[in-house]
Each structure stands twice: as structure tokens, then as C-alpha cells.
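We use all heavy atoms of the structure for the numbers below, so side chains are in, but hydrogens, waters and symmetry mates are not.
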Amino acid sequence: MSSSRNKLLDIAFEEIYTNGYHATSIDKILKKASMNKGSMYHFFKSKKELTLAIINERVSLYIENKYSDLFQYEENIIDELMKLIKKRDNFNFVCGCKLNNFVQELSSNDKDFKIALEKVYFRFEEIIEVVLQKACDKNEINHNDPKTLSIYVVASIEGCLGTAKKSQDAEVFETCISQLELFLNSLKTSK
């Protein structure tokens with residue numbers, strides 16, 4: 001993949017994440033990237049196409065890289081899941097969750113954005129489902145429907161991040177996520 005294309009994606013991702021899709025202009029992105037419109041249109045036909053590439057290549061990869069690390073654990077799976085969820089090094093509690101921001105602004109206004117963002121969400125839920133199923137199979141937790149539990153866990157993570165963004169406070173996130181941890185701990189078996 002071209003370094004110019006990657007640079008454009010990275011700068012556009014940061015701009016849209018920080019300022020929102022509608023408030024971010026192509027001119028601002030190009031200025032930050034030190035590129036002209038011809039360069040951008042070589043890679044993307046429109047701002048929408050650029051944003052879909054961000055969702056499909058950057059947001060999706062972020063979720064995959066962060067959460068698929070959980071596949072390596074064979075024991076203490078819920079503890080490892082919670083450690084990962086709680087780990088928010090360098091997380092921007094002012095701007096909030098990248099995935100959640102894109103969903104909140106774009107999914108209700110455009111079918112293509114909705115489909116792309118839903119695909120990322122479904123993958124997020126699928127990763128968590130696999131992890132929860134493994135915890136069930138290893139008799140670490142007792143739950144008869146890891147699929148619906150995964151939807152609840154992802155919704156809880158995103159809800160806690162949104163609540164923390166509202167308050168712009170990491171402590172609010174920690175307080176909120178501790179309730180998810182209490183719930184998951186209540187599912188643990190006494191081996």
C-alpha cells in the first residue's frame with residue numbers, strides 16, 4: 001500500500017475522530033497531509049470513500065489488534081478480558097472511543113456507513129463471543145448463551161466509554177466498567 005495513501009488515511013482518521021465527519025473538510029485533511037486534491041482523488045473518489053476506507057482499514061484493524069490478543073489465553077480468561085478492557089493507556093477521554101464516535105455520527109445517516117460500521121461491531125462481538133465460549137468450555141464461567149453475552153459485553157464497554165467521554169474522566173470509566181466486572185465475576189464457577 002502506498003505511503004501517501006496511508007498518510008492520507010491516518011491524517012483523515014485523526015481529523016474525523018477528533019472533529020467529526022461533517023466538521024472535517026477535505027481541504028483541512030489535505031493541508032495537514034501536505035497533499036493536493038489530485039493526490040487524494042488518485043486514491044479516493046470522495047470524502048465518503050475515504051471515510052469508508054478508514055472504517056474498513058483503520059477502525060476494523062484497531063478492534064482486531066486490540067481484542068484478538070485474547071485468543072491466546074487458555075485460563076483465567078475473564079480476568080484477562082477485564083485486564084484488556086480496563087487498559088486504556090493514552091485513551092482520549094475527551095474525544096472518546098473511535099468506533100463509538102463513528103457509529104454515533106455516521107450510521108444513522110448513510111446506509112454504506114451503517115453497513116461498514118456494523119461489520120466492525122459484529123467482528124468485535126464475534127471476538128468476545130469466542131473468548132466467552134472458551135471460558136464456558138473450560139468451565140471458568142457458567143452461561144448458556146455466549147453470543148448474547150458478547151453483545152452485552154461489547155455494549156457495556158462502549159457504553160462505559162461513552163459515559164466517560166461525557167464526563168471527560170477516566171475515573172468514570174473505571175467506576176462504570178467495574179460493574180461489568182462484577183457481573184462477569186458472578187458468572188465464574190467454583191472449580
Side-chain angles (χ1 to χ4, degrees), residues 1-72 81 84-131 150-151 153-166 168 170 173:
M1 198 179 300
S2 151
S3 63
S4 294
R5 184 180 185 280
N6 280 329
K7 181 180 178 182
L8 189 59
L9 281 171
D10 291 340
I11 290 170
F13 185 13
E14 192 59 33
E15 284 299 310
I16 294 170
Y17 163 61
T18 305
N19 303 306
Y21 176 79
H22 297 291
T24 299
S25 70
I26 289 295
D27 290 336
K28 185 175 183 183
I29 293 167
L30 293 173
K31 184 176 182 181
K32 280 200 167 186
S34 300
M35 297 171 86
N36 61 40
K37 283 190 179 180
S39 299
M40 189 217 135
Y41 291 117
H42 173 73
F43 300 113
F44 306 102
K45 294 176 186 162
S46 64
K47 179 179 167 185
K48 178 181 175 178
E49 190 176 290
L50 170 63
T51 304
L52 285 168
I54 291 167
I55 294 166
N56 294 327
E57 297 174 35
R58 295 298 191 265
V59 178
S60 179
L61 187 63
Y62 168 77
I63 295 296
E64 191 72 34
N65 287 343
K66 180 170 178 96
Y67 291 98
S68 64
D69 282 353
L70 291 167
F71 294 151
Q72 68 183 312
L81 171 63
L84 183 65
I85 292 169
K86 289 179 180 180
K87 186 177 181 192
R88 295 289 159 190
D89 302 343
N90 303 316
F91 185 80
N92 185 333
F93 284 100
V94 173
C95 292
C97 172
K98 291 175 171 122
L99 174 58
N100 205 349
N101 285 5
F102 275 74
V103 168
Q104 293 300 318
E105 184 178 11
L106 300 176
S107 66
S108 64
N109 297 325
D110 183 284
K111 184 181 175 190
D112 295 329
F113 286 143
K114 178 197 174 291
I115 291 167
L117 288 161
E118 202 168 41
K119 183 177 173 188
V120 176
Y121 246 93
F122 287 158
R123 178 60 183 149
F124 190 2
E125 292 165 354
E126 179 182 49
I127 291 168
I128 301 300
E129 179 186 357
V130 168
V131 170
S150 72
I151 293 168
V153 168
V154 170
S156 297
I157 294 167
E158 292 301 322
C160 290
L161 290 169
T163 300
K165 176 184 176 181
K166 174 253 324 154
Q168 300 180 354
F173 173 75

Might you point out which heavy atoms bring Ile29 and Ala12 nearest each other, and give the distance in Å?
CD1-CB, 3.8 Å
Answer yes or no: does atom NZ of Lys47 have more than 12 heavy-atom neighbours from other residues, nucleotides or ligands under 6.0 Å?
yes
Across all chains, not counting sequence neighbours, the ring-ring contact (aromatic ring centres under 6.0 Å, His included) partners of Phe43 are none
Distance col, row Ile11:CD1 vs Ser34:OG, nearest 0.5 angstrom, shows 7.0 Å
Polar side-chain atom of Lys28 near backbone of Ala23 as donor-acceptor pair, under 3.5 Å
no
Within-4.5 Å side-chain heavy-atom neighbours: Thr18 and Asn92
no
Report, as yes or no, whether the 6.0 Å neighbourhood of atom NZ on Lys48 holds more than 12 heavy atoms from other residues, nucleotides or ligands.
yes
Considering only heavy atoms from C-beta outward, does the side chain of Ile54 approach that of Phe44 to under 4.5 Å?
no
Please walk me through it: do Glu57 and Arg5 pass side-chain contact (heavy atoms from CB on, under 4.5 Å)?
CA-CA 12 Å; Glu57 297 174 35; Arg5 184 180 185 280; 2.8 Å; yes
Nearest atoms (heavy-atom pairs only) where Val120 meets Ser60:
CG2-CB, 3.9 Å
Kindly determine whether Asp27 and Lys37 satisfy side-chain contact (heavy atoms from CB on, under 4.5 Å), including the steps that lead there.
CA-CA 8 Å; Asp27 290 336; Lys37 283 190 179 180; 3.0 Å; yes
Which heavy-atom pair separates Ala164 from Phe173 by the least distance, and what is that distance?
CB-CB, 3.6 Å
Indicate yes or no for a side-chain donor-acceptor contact from Tyr17 to the backbone of Gly96 under 3.5 Å, with no hydrogens or angles considered.
yes
Is it true that the side chains of Asn101 and Glu105 contain a donor and an acceptor less than 3.5 Å apart?
no
dist Phe13:CZ -> Leu50:CG (nearest 0.5 Å) comes out at 11.5 Å
Taking atom CG of Leu99 and atom CD1 of Ile63, what is their separation to the nearest 0.5 Å?
5.0 Å
More than 12 heavy atoms of other groups within 6.0 Å of His22 NE2
yes
In sequence, state the C-alpha distance, the side-chain angles, and the governing distance for Phe102 and Ile16, and then conclude on side-chain contact (heavy atoms from CB on, under 4.5 Å).
CA-CA 8 Å; Phe102 275 74; Ile16 294 170; 3.6 Å; yes
OG1 of Thr163 to CD of Glu158, rounded to nearest 0.5 Å, is 11.0 Å
Atom pair CD (Glu15) and CG (Asp10), whose distance is rounded to the nearest 0.5 Å
12.0 Å
Can you classify the ring geometry of Phe113 versus Tyr21 as parallel (below 30°), tilted (30 to 60°) or perpendicular (above 60°)?
perpendicular
Quick one about Ser3 and Asn6 (side-chain donor to acceptor, distance below 3.5 Å, no hydrogens or angles considered), yes or no?
no
Take Tyr67 and Val154 through the side-chain contact (heavy atoms from CB on, under 4.5 Å) test and state the conclusion after the steps.
CA-CA 11 Å; Tyr67 291 98; Val154 170; over 6 Å; no
Which value, rounded to the nearest 0.5 Å, describes the distance between Lys98 atom NZ and Arg58 atom CZ?
11.5 Å
What pairs with Lys119 under salt bridge (Lys or Arg N to Asp or Glu O under 4.0 Å), at least two apart in sequence or on another chain?
none
Which pairs with one or both residues in residues 62-71 pass salt bridge (charged side-chain N to carboxylate O under 4.0 Å, His left out), sequence neighbours excluded?
Glu64-Arg123
